[in-house]
Protein chains: 2
Amino acid sequence: MVKRATIGDVAADAGVSTATVSRVLNGGAVTEATATRVWEAVSRLEYTPNALTRGVFAGRSSTIGVVIRDLSSPFYLDLIRGIDEVAAANDSLVMLANTFRRVDREVAQVRTMDEQRVRGLIVTTGEATDGRTRRMAENGTPCVIIARSVLDAPPGMHSISLDNVEAGRLMAVHLAGCGRSSIGVVSSGRRTSQIERTAGLRRALADLGLPLPEDAVMVAETEDEVSGAVDTLLVRGRDRGEPLDAIVCTTGRLTVAVHAALTARGIAIPGDIAFVTMDDFPWATALGITVIAQPSYQMGLKAGELVVDRPSGPVELVFAPTLVARTSCGERQKA
Amino acid sequence: MVKRATIGDVAADAGVSTATVSRVLNGGAVTEATATRVWEAVSRLEYTPNALTRGVFAGRSSTIGVVIRDLSSPFYLDLIRGIDEVAAANDSLVMLANTFRRVDREVAQVRTMDEQRVRGLIVTTGEATDGRTRRMAENGTPCVIIARSVLDAPPGMHSISLDNVEAGRLMAVHLAGCGRSSIGVVSSGRRTSQIERTAGLRRALADLGLPLPEDAVMVAETEDEVSGAVDTLLVRGRDRGEPLDAIVCTTGRLTVAVHAALTARGIAIPGDIAFVTMDDFPWATALGITVIAQPSYQMGLKAGELVVDRPSGPVELVFAPTLVARTSCGERQKA
DNA sequence: CTGAAAGCGCTAACAT
DNA sequence: ATGTTAGCGCTTTCAG
């Protein structure tokens, strides 16, 4: 195994001191002649500087930490692309951790990011990690919380989220506009984003004279639970004397599962039941699925910028959702 | 901004030396009494050890580097999940870099990974980075090349790929079995994987008495070029007097685009033309698209293990593709 | 413009 | 069992 060259080796080879080598590497004042000698030594010895050591000195590394709850959600891929774009433009790399939706992993991964002295941290985790991110912010590591807002955030602790109430409202208005009145909701849990979307939907529906009963909302934690949830929704609608004519899914993660549950029962979309869900995805066009889109790539960009630009106060960004109407709600086609 | 506690602060607070603190942190021989005092100091000062410094000493960090050419390809998401799984099980993190299919970025990102002294490197890049990965391997950093094999790999330089010829053969046999005979191919470029898939397809087709003309293969680098490529294929088939009855796509990255191009022309799948493509994806079931699947998650797992287990020689792993038959080739349904 | 020397936070011999 | 003393590879004063 070949030993790596250190800055000392380069210095010796070029006949200068390590300080001088460091200077030519980082752009200090050196004669052109010595600079040339040093560069020659660098390439001769195939010297690759050790970023770790640099980080030790600077007190932090140059990489941006990202902790994602669930890599398979379409939303996160674009978010990461946005972050990565900013990172690449700032000579940074992205350090990624997936938590597979487990809280203990969230906590552990955020701690590891802290240990790595990341330049900044972007997380989609729940409240369990707030204690540490708060402390990190106080220690000078900018932290960005995605998909929820934070109360009493200290300087350096930011949040980026979607206007979830508006997302719900957009769904309600669109569905009503398409003549639907008996709606069932598949939601994914107790996260505020889910609650707010449902609340926004319910309120807007009520304003339209279309109350959404409590029991028309079902929670499915995992994809496996979706089929049962859809069943229940269907039965309850019938029992209520108002068979469902629309299904709303409040999370992009479960879109496939809900769609599959519907088609598996031979339910035609939108013939029998309208369908609208969260987060745009490449195949939505082919399938004609109407969605509420988040500007996920833009959100990633902003998250990256918050890390790189280090604004002083806590920044809270709320993005607006947009409706992408296709055909799954029985939209009348333009002539 | 609150200053972080160092190991020295903890030592002072606990009334011991830094060596002792290091020992209780890393499990050396210490009295239970002192250990308690140290742990108390640790939590009182909210001490978080600096992984960078550790890395300096060990000569390398504990994170696994991953350089991906195109994060949006369905194949890579599962690959990353596999790698991440191994990383998490080994107290590692994944450092991710996306290169947006640009060679200069590939080279730059791999260099950065080297500078970060990653524990191991997993790349999907082209030959341009082979020089450095080779050197890294020689320096003791295991490198895994995904999706192509490497000639004369030194110890510590491994490769994981798909049996691409077999993938092409599977497509040919299936298509022929579905009664198709005039096939057009959309390929994504000059990478060996693409070449091999096409070659495998062509050979198997020839064995079946179904020659695949050179001009029945079109290369589309980007999604924008797909539509034109499909047009050309269609026209050529007609000119040849053998209108296309099947389209093959040799890369998962372009599946959406090819599918969209077909439906945009009002072509029915499989009524008018059969369609088969690479890489399984969540929506394939809903759309009935027949695919050749790669065990991407397993490949990620293996890649992670090669980094963690550091086998001595160069390892070359070739995975077998599987056909997932659905309805897009006009498969006759089971009774 | 360049070199000597101190030190970043931590670990690992070597003493005690 | 614990402390002392060197470093790890690099950057940054501070002299010259």
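On a predicted model such as this, the values are computed, not experimentally measured, just so you know. In the text below, chain A, chain B and the rest are named by the order of the sequence lines, each starting its count at 1.
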Next on the checklist: What is the distance, to the nearest angstrom, from the CD atom on Gln116(B) to the P atom on dG9(D)?
Outcome noted: 17 Å
Checklist entry - Are the charged groups of Arg44(A) and Asp9(A) less than 4.0 angstrom apart, N to O? => result no
Please tabulate, one pair per line, each protein N/O and nucleotide N/O from nucleotides 2-6 of chain D that are separated by under 3.5 Å, including the distance.
| from | atom 1 | to | atom 2 | distance (Å) |
| --- | --- | --- | --- | --- |
| dT2(D) | OP1 | Thr31(B) | OG1 | 2.7 |
| dT2(D) | OP1 | Thr34(B) | OG1 | 3.4 |
| dT2(D) | OP2 | Thr31(B) | N | 2.7 |
| dT2(D) | OP2 | Thr31(B) | OG1 | 2.8 |
| dT2(D) | OP2 | Thr34(B) | OG1 | 2.9 |
| dG3(D) | OP2 | Ser17(B) | N | 2.8 |
| dG3(D) | OP2 | Ser17(B) | OG | 3.2 |
| dG3(D) | OP2 | Thr20(B) | OG1 | 2.6 |
| dG3(D) | N7 | Arg23(B) | NH2 | 2.7 |
| dG3(D) | O6 | Arg23(B) | NH1 | 3.4 |

Checklist entry - Are any of Asn26(B)'s side-chain N or O atoms less than 4.0 Å away from OP1 or OP2 of dT11(C)? => result yes
Item to check | Any donor-acceptor N/O pair, Ser92(B) side chain to Ala88(B) backbone, under 3.5 Å | outcome: no
Item to check | salt bridge (charged side-chain N to carboxylate O under 4.0 Å, His left out) partners of Asp309(B), counting only residues at least two apart | outcome: none
Checklist entry - Between Ile7(B) (CD1) and dA12(C) (P), how many Å, whole number? => result 11 Å
Next on the checklist: Between Met95(B) and Leu96(A), is there a side-chain heavy-atom distance shorter than 4.5 Å?
Outcome noted: no
Checklist outcome for this item: From CG of Leu25(A) across to P of dG9(D) the rounded distance in Å is 16 Å
Checklist entry - Counting N and O atoms only, with roles assigned by atom type, does the side chain of Thr133(B) sit under 3.5 Å from a partner on the main chain of Asp130(B), one being a donor and the other an acceptor? => result yes
Next on the checklist: Can you measure Arg60(B) atom CZ to dC10(D) atom P for me and round it to whole angstrom units?
Outcome noted: 14 Å
Item to check | Leu52(A) CG - dC10(C) P separation (whole Å) | outcome: 13 Å
Checklist entry - Would a 4.5 Å heavy-atom cut-off, applied to side chains only, mark His158(B) and Pro311(B) as touching? => result yes
Checklist entry - Do any N or O atoms from the side chain of Arg37(B) and from the backbone of Ala14(B) form a donor-acceptor pair under 3.5 angstrom? => result yes
Checklist entry - With no hydrogens and no angle check, is any side-chain donor or acceptor of Arg119(B) less than 3.5 Å from a backbone partner on Ser61(B)? => result no
Checklist entry - Taking the nucleotide of DNA chain D with the closest heavy atom to each, which residue, Val56(B) or Ser22(A), is nearer the 5' end? => result Val56(B)
Checklist outcome for this item: In whole angstroms, the gap separating C1' of dA12(C) from CZ of Arg54(B) amounts to 14 Å
Item to check | Interface with DNA chain D, restricted to residues 133-143 of chain A and to heavy atoms under 4.0 Å | outcome: none
Checklist outcome for this item: Whole-Å distance, Arg117(B) CZ to dC8(D) P, equals 14 Å
Checklist entry - Can you tell me if Arg310(A) uses its side chain to pair, donor with acceptor, with the backbone of Gly140(A) under 3.5 Å? => result yes
